[in-house]
Amino acid sequence: MSSPKLTSGQRAVLRGLFPGDDYLERPEEACVYGADASRRFAQPWAVVRPRSLDQVRELLTWAHREAVPVFPRARGTNVVAGCVPQGGGVVVSCLAMNHLAIQEEDFTAEVGPGLVTGDFQRQVQARGLYYPPDPASVRFSTLGGNTATCAGGMRAVKYGVTRDYVLGIEAVLPGGEMIHTGSRTHKNVVGLDLTRLLVGSAGTLAFFTKLTLKLLPLPPAQASLMAGYPSLEAALIASRSVFRAGILPVAMELMPEEVLGCVAQAATPPWNAATKAVLLLKCDGRPDGLREELILVRRALEEGKPVFMEQGVDTLGEDRLWELRRLINPASFRLAPDKISEDVSLPRGRVAKAILGIREIAQKHNLPILTFGHLGDGNIHVNIMFDAAQEQQQTGARQARKAVLELVLHLGGVLSGEHGLGLTKREWLHRQVGPVERGLFSLIKRAFDPKGIMNPGKAY
Amino acid sequence: MFPANSAVPCPADTEALTRPCILCGKCLDTCPLFIATDREELSPRGKSMVMRQALEQKSLQPCSQKSLLNASASRKLLGLCLGCERCAQVCPQGRNLPEMLREVRADHPGWQSWLWRTWICRARQLWPFLGRCAGLLPKDIAQGPTEALRMLSRPHQVPGVFRRIARTVEFPRNAVLFPGCTARFVRPWWVDNARKMLGLKGNQLDRSLDWHCCGFTMAQAGLPHLLREMQARNVALWREQGRPALVTLCATCTKALRGYAASSSPFQDEEERLAWKAAVQPLSALLVPENYQAVGQTKIVYHQPCHTTDPDSDALFLRNSLGPRLFAESKNTCCGMGGMMQLSAPKLSKRVAAHYWGMVAGQEPSIVATGCSGCILQLAATAPQGTAVAHWLELLTE
Ligand SMILES: Cc1cc2nc3c(=O)[nH]c(=O)nc-3n(C[C@H](O)[C@H](O)[C@H](O)COP(=O)(O)OP(=O)(O)OC[C@H]3O[C@@H](n4cnc5c(N)ncnc54)[C@H](O)[C@@H]3O)c2cc1C
Ligand code: SF4
Ligand code: SF4
């Protein structure tokens, strides 16, 4: 069966440009490219898999001329339908563009957008270098996707997010023109900062073909601590004492009661029913410094009177603790088959208020709502679990979501700290961003993409 | 400006036995087929997507008229799986895709005739697996291409790597060899080496029993009737022999034989089922590494078959007897044999093998040793010049 929305001439062009398996139009082959981890779906008209810069340039020249929408796609792990081809168009998979060159002397690396972040981290670490951004999807998402979403991760408390590590971008604009933003230098104040603009642009401005990333020296030692508390309040007291002790941990994650029960269904965790909140911290540095820091952190954590504390010192021990954190997302589906997932961010001092407020919303709508996440930087994940087959639950979930987002905005927070607005949260944009700013967004979009063919309908 | 094609929630494959795919993408990184090709349509998530859409639209039934997916093309795509089960190990939803694919195949009426046709054309790769199931096969296959057999049975030329130094015998009193089709029909010297490895002089181990194929390929191919028939015959023979320990030479045989215990049908009662489960043992689990001495300087890389059962006694034996001379390859390397895929997509299968050899290249091995008949055939057929592929049994020297 052929793709219905492209003319036979257009299909012939694409087939010529992307020989063999690199052009797909059969629905059964193309369908997976119509969905992502948001679990939304629209059948693509066709899928192409460029292997070279020239192919991308020719593709975008053609698409611009013909006004055919293109949807950049990497591993499709974003949760906001950021690469669902709504409205139809050509999905462009960048997975075959996964080259890597490390410039050790410069503390930089040049990578293709399709390179898996975890693989990249392993390769730089083998040379004593460090790329800190670590979304929970680090093992199965890409640097291109991470850059386009400005992915954040657990280590953001100390090391920041993807944006802080992108020094430059080579990209192709609709029409086929290339741009090079930034450079291989770690400092650069020449002109407007297009690099930072493109990071987080969700595939709506340009197609990335090469990224220049900043690297750090690899901290030689690291360790993780998990502490369980008899109440949420106790955990928050402990977290405050850590910062008050003058310590900036690499990561500080919070898992309240609801989450603990859920993860326990999918693994054998160190907590029991008496544990009402868990803190998970990571510290790094030189072995001597780290040893001292851990003593201070333990002392600070003791202030909340923990019911248990576990330390992971080697990779395996640490991984065991962090795997529990990574399990939350998949384990959540054991509560109910459907989920609305929000990743709001709050001023750090308001996190407790938000968590308690969300608990009330859960009770009111009689639905399980999981709140957890990056306590250290105020980025809290909210998972509203429900069964879409039951109309009442579906309505309840939608209302609960609205209440959560309103609460967050009321507390001075933002709609998304990591995942972006994509398709699923786009209608909320105006609640946070004013009309003048939104007008600027549109003007910028038009400057890059006058015909609106790049990932249309997404993000802003 | 553009025609509507709006995003809708993905249909849930609620008819499936396991929880629905949540499209998280965790499985992508584990799938050797995806890793070797970067083609998402071949990934477990891609196949899950086709399955869920097919379930929604019932398009795998050939009579479906209005379906978006093409039935035969969907089936073909679903057939592109190596059956390695790596995706099943990481899926947070507990989905076992190869298992589900087996059912899709078994349910489809046209599948078996297609399979037999393909089998006749491409029996060369699969012949060793067919082995003694010949009596159960349609007539034209049963005759079998003898020329293919001769090709595969060319003598081995692998330098010896270890020698047996003990005079003891490590042979459980009541034990018998389940040689597997490859050793029986193609590489009979494996049986001889197995005897020597255990320190046996006579042929107590191999009672020349008329075993049937372990049935792994049948299961994967979605031929449950044939599989059940083989299970019944093998279990009956074992019972006749007084339920001895069953010593295996091939990782896939071990997995398949142990898998019999998942169903109760071939067994007389629960006690017999448990006895069977305990009876199946890989040869390497019986060996004592101290009884062997490494010889020569040859560099060995161990290839862990996808079907290895835990713990991997082959790897343990080799590591303990060869020490630092043994290099384990990095994880997640599949040879690309994948039983059925050899039939349906030989080119893709080769591509996975090429990826495998690319990964091993850095270690510059002169011998890649493994303990699975399927891997040996696939790797031997694709190895670069200068690299020999052998069953680890073949590394024994006098
Ligand atoms: C289990 C799980 C855990 C997660 N944890 C986190 C987390 O901790 N933090 C976090 O931030 N996110 C997280 N995510 C979301 C997701 O992993 C991130 O958004 C990730 O950055 C997406 O990467 P990807 O390679 O899958 O890109 P995709 O999902 O394929 O694409 C993401 C966006 O990038 C655009 N894009 C892709 N390639 C290009 C290109 N070459 N040029 C221009 N635009 C492009 C796409 O159009 C799309 O808008 C998680 C997801 C899952 C399933
Ligand atoms: S890991 Fe499981 S749930 Fe996730 S995409 Fe793969 S098959 Fe689907
Ligand atoms: S069984 Fe192996 S080859 Fe098949 S889909 Fe799963 S990981 Fe891929």
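Protein chains get the first letters and strands the later ones, always in sequence-line order, with residue 1 at the start of each. No experiment lies behind these values; they were computed from the predicted model shown.
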**Complete:** Bottom line for B:Leu77: the part with an atom under 4.5 Å from chain A's heavy atoms is side chain
**Asked** Between A:Pro330 and B:Ile22, which heavy-atom pair has the shortest distance, and what is it?
**Response** CA-CD1, 4.4 Å
**Item:** Most chain A-contacting option - heavy-atom pairs closer than 4.5 Å, from B:Lys26, B:Lys47, B:Lys76
**Value:** B:Lys26
**Prompt:** Taking all non-hydrogen atoms of both residues, which atom of B:Pro92 and which atom of A:Arg334 are closest, and how far apart?
**Reply:** O-NH2, 3.7 Å
**Item:** Side-chain donor or acceptor of A:Tyr33 paired with backbone N/O of B:Glu40 under 3.5 Å
**Value:** yes
**Asked** Going by heavy atoms in the side chains, are A:Glu29 and B:Leu42 under 4.5 Å from each other?
**Response** no
**Asked** Roughly how far apart are B:Asp38 CG and A:Arg51 CZ, rounded to 0.5 Å?
**Response** 6.5 Å
**Asked** Among A:Ser141, A:Ala37, A:Ser93, A:Gly118, which has the most heavy-atom pairs under 4.5 Å with chain B?
**Response** A:Ala37
**Message:** What I'd like to find out is whether the side chain of A:Leu95 reaches to under 4.5 Å of the side chain of B:Phe34, using heavy atoms alone.
**Reply:** yes
**Request:** Measure distances from A:Arg49 to the heavy atoms of chain B and classify the residue's part below 4.5 Å as side chain, backbone, both or neither.
**Result:** side chain
**Message:** Is it the case that over 12 heavy atoms from other parts of the model lie below 6.0 angstrom from the NZ atom of B:Lys350?
**Reply:** no
**Request:** Tell me, for A:Arg326 versus chain B, whether the close heavy atoms (under 4.5 Å) come from the side chain, the backbone, both or neither.
**Result:** neither
**Prompt:** What distance do B:Cys27 atom SG and A:Phe140 atom CZ have between them, rounded to the nearest 0.5 Å?
**Reply:** 9.0 Å
**Request:** Give the member of A:Asp21, A:Leu327, A:Thr77 that has the highest number of heavy-atom pairs under 4.5 Å with chain B.
**Result:** A:Asp21
**Request:** Mind listing the closest non-hydrogen atom pair of A:Ala35 and B:Leu23 along with its distance?
**Result:** CB-CD1, 3.9 Å
**Message:** Return the CZ to OG distance between A:Arg75 and B:Ser43, rounded to the nearest 0.5 Å.
**Reply:** 9.0 Å
**Request:** Please name the pair of heavy atoms, one in A:Val32 and one in B:Met49, separated by the smallest distance, quoted to 0.1 Å.
**Result:** CA-CG, 3.7 Å
**Residue A:Glu391 excluded, over 12 heavy atoms near CD under 6.0 Å** = no
**Request:** Answer with side chain, backbone, both or neither: which region of A:Asn329 has an atom nearer than 4.5 Å to a non-hydrogen atom of chain B?
**Result:** neither
**Request:** Answer yes or no: is there an ion pair linking B:Arg39 with A:Asp22, defined by an N-O contact shorter than 4.0 Å?
**Result:** no
**Complete:** So, the part of A:Ala96 with a heavy atom under 4.5 Å from chain B: the answer is both
**Message:** Is it the case that the side chain of B:Arg45 and the backbone of A:Gly76 share a donor-acceptor pair, with hydrogens and angles ignored and the cut-off at 3.5 Å?
**Reply:** yes
